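Here the structure is laid out as structure tokens; the discussion comes afterwards.
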Amino acid sequence: MKEISKNNIDSIDIKGFQDDLLCWFQAEQRDLPWRKDQDPYKVWVSEIMLQQTRVDTVIPYFHRFIEQFPTIKDLSEAKEEKVLKAWEGLGYYSRARNLQAAVREVHEKYGGKVPDTPKEISSLKGVGPYTAGAILSIAYGIPEPAVDGNVMRVLSRILSIWDDIAKPSTRKVFEAAVRKLISHENPSHFNQALMELGALICTPTSPSCLLCPVREHCTAFHEGTQLELPIKTKTKKQRNVQLAAAVLADNQGRILIHKRPEKGLLANLWEFPMVEINLAYVSEKEQMKDAFHTEYGAKIEIDEMTGQIEHVFSHLTWNINVYKGKIISVVKEEADLKLVTLEEIKEFPFPVSHQKMFKQFLDSKV
DNA sequence: CATACGTGGAT
DNA sequence: TATCCAAGTAT
């Protein structure tokens, strides 16, 4: 059935395809803040923020980030905590830390100029095949593929490519296709147009084929297979973790916060102390007092539960029972543990789940 | 290669 | 409500 369709890369009218695509992009492209100029730094920041993240979500973050860190030098010299605070709520926080590390490398090793070769730019932390191609093409006009989810969806339909786009190896198939199709006159607009088409017209569930500028070049449109493509296998389901957290105050009303480890989930963000709960055990409050003593060296008193938080990540779910309590003593006063006032707490980067937790705590006081 | 890594919006 | 997702990368 599917074998009937050839991958039409060799029969497609490449020049006609490029012209139709580029003409459409020229007329219909969205007015986005990172399209104001081609500053490689701003292109870079936008591409990192846009990884697995919607345009509408990114826009306000991009404005604030560029205002706070306008240049490579500014970001290089910033405290990591400030960078994470600027990233707070965007998710995938290693992006922010990798971006700063890479920007520092560019500042020191390349005199502040973002490198313009595939080899050099790909060696930077957080810059993978997609981002390397995006920066090279958009900022420097170099004809490199920038294959993201949009491009795979669009080209799977146009060229009738039935490979499973969930498999990492499949990206290479699309990169090879882009190398044949890309406009050498305008690689920047070509790559952006492919993505823009995926975002505006060639959407996952209901593509607007009748509005598509390249439908006459599209195998799927001719064969009516646009709703079957791309092929993407299911991901497996995630696990649950039961947790208990506590917003703990000392006798001056200061709150105890904890800095998460530098690797792994929500690395280097701050949180309210939290412990995993073992179901078949003594009461939750007793379990918490024990665990808080072991983990944080804190002697505490747990008062009432102020709420519950369910937080769904891409790969797991946190179910958190949130308590309020008092600090009797903190033995382990180290760098990852701080007592802060309600005013100071605003300066620290928290995951969204803990922002919600803090709101519940404030509400419970009135 | 498969899995970890966040979040909020769409259907 | 459940599922999938949105301009991916590191390990």
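Just so it is clear, the model here is predicted, and its values are computed rather than measured. Sequence lines set the chain letters: A, B, ... in the order given, protein chains first and strands last, and positions in each chain run from 1.
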Legend entry - Separation of the C1' atoms in dC5(B) and dA6(C), to the nearest angstrom: 15 Å
Taken to the nearest whole Å, CD/Gln238(A) to C1'/dA4(B) is 13 Å
Sugar-phosphate, base or nothing in reach of Gly264(A), heavy atoms under 4.0 Å:
sugar-phosphate
note: Leu32(A), atom CG; dA6(C), atom P; distance rounded to Å ~ 17 Å
Per nearest nucleotide of DNA chain C, the residue lying toward the 5' end, Gly126(A) or Thr233(A), is Thr233(A)
If the C1' atom of dG6(B) is compared with that of dC5(C), how far apart are they to the nearest Å?
13 Å
Below 4.0 angstrom from OP1 or OP2 of dG6(B), is there any side-chain N or O of His311(A)?
no
Leu90(A) atom CG is separated from dG8(C) atom C1', nearest whole Å, by 14 Å
Contact under 4.0 Å: Thr53(A) side-chain N or O vs dG8(B) OP1/OP2 = no
Within the 4.0 Å heavy-atom criterion, would you say Val151(A) contacts the bases, only the backbone, or no part of the nucleic acid?
nothing
Students often mix this up, so state it plainly: with edges at 30° and 60°, are the rings of His217(A) and Phe17(A) parallel, tilted or perpendicular? perpendicular
TODO: Assign the ring pair Phe348(A) / Phe350(A) to parallel, tilted or perpendicular, where the plane angle (0 to 90°) is split at 30° and 60°.
DONE: perpendicular
The residue, Lys167(A) or Lys356(A), whose nearest nucleotide of DNA chain B is more 5′ is Lys167(A)
Lys172(A) NZ to dT9(C) P, in whole Å, measures 14 Å
Margin query: Is the ring pair Trp34(A)/Phe62(A) parallel, tilted or perpendicular, if the boundaries are 30 and 60 degrees?
Written below: perpendicular
- prompt: Which class fits the ring pair Trp318(A) and His311(A): parallel under 30°, tilted 30 to 60°, perpendicular over 60°?
  reply: tilted
(Q) At 4.0 Å (heavy atoms only), tell me whether Ser46(A) reaches a base, stays on the sugar-phosphate, or touches nothing. (A) nothing
When rounded to whole Å, the CD to P distance for the pair Gln51(A) and dG6(B) reads 13 Å
Select base, sugar-phosphate, or nothing to describe what Thr57(A) touches, counting heavy atoms under 4.0 Å on all strands. nothing
Out of dC1(B), dT9(C), dG6(B), minimum distance to the side chain of Leu265(A) belongs to dG6(B)
Gln52(A) CD to dT7(B) C1', in whole Å, measures 11 Å
Could you walk me through whether Phe190(A) and Phe25(A) pass the ring-ring contact (aromatic ring centres under 6.0 Å, His included) test, one step at a time? CA-CA 8 Å; Phe190(A) 183 88; Phe25(A) 183 72; over 10 Å; no
Exercise for review: Report yes if at least one side-chain N or O of Thr131(A) is closer than 4.0 Å to OP1 or OP2 of dT9(C); otherwise report no.
Suggested key: yes
Checklist entry - Just checking Val127(A): base, sugar-phosphate only, or nothing, at a heavy-atom cut-off of under 4.0 Å? => result sugar-phosphate
Heavy-atom nearest nucleotide on DNA chain B taken for Ser206(A) and for Val312(A); more 5' hit belongs to Val312(A)
The nucleotide from dC1(B), dG8(B), dG8(C) with an atom nearest the side chain of Val352(A) is dG8(B)
Give a yes/no answer on whether the side chain of Lys232(A) brings an N or O atom under 4.0 Å of OP1 or OP2 in dC5(C).
yes
**Side-chain donor/acceptor contact of Tyr92(A) with base of dG6(B) under 3.5 Å** = yes
To the nearest angstrom, the CZ-P distance between Phe313(A) and dA4(B) comes to 13 Å
Side-chain contact check for Arg54(A): nearest option of dA10(B), dT9(C), dT7(B) is dA10(B)
Of the listed dG6(B), dA6(C), dT11(B), the closest approach to the Pro204(A) side chain comes from dA6(C)
inquiry  = Side chains of Asn191(A) and Ser137(A): any donor to acceptor distance under 3.5 Å?
reply    = yes
**Report entry** His315(A) side-chain N/O to dC5(B) phosphate OP1/OP2 under 4.0 Å
**Finding:** yes
Against the side chain of Asp148(A), the closest entry in dA10(C), dG6(B), dG8(C) is dG8(C)
Here the distance between atom C1' of dG8(C) and atom NZ of Lys125(A), to the nearest Å, is 17 Å
Check: Between Thr317(A) and Glu310(A), do the side chains contain an N or O donor and an N or O acceptor separated by less than 3.5 Å?
Finding: no
> Looking for any heavy atom pair under 4.0 Å, which part of the strands does Arg260(A) touch: base, sugar-phosphate only, or nothing?
Replying inline: nothing
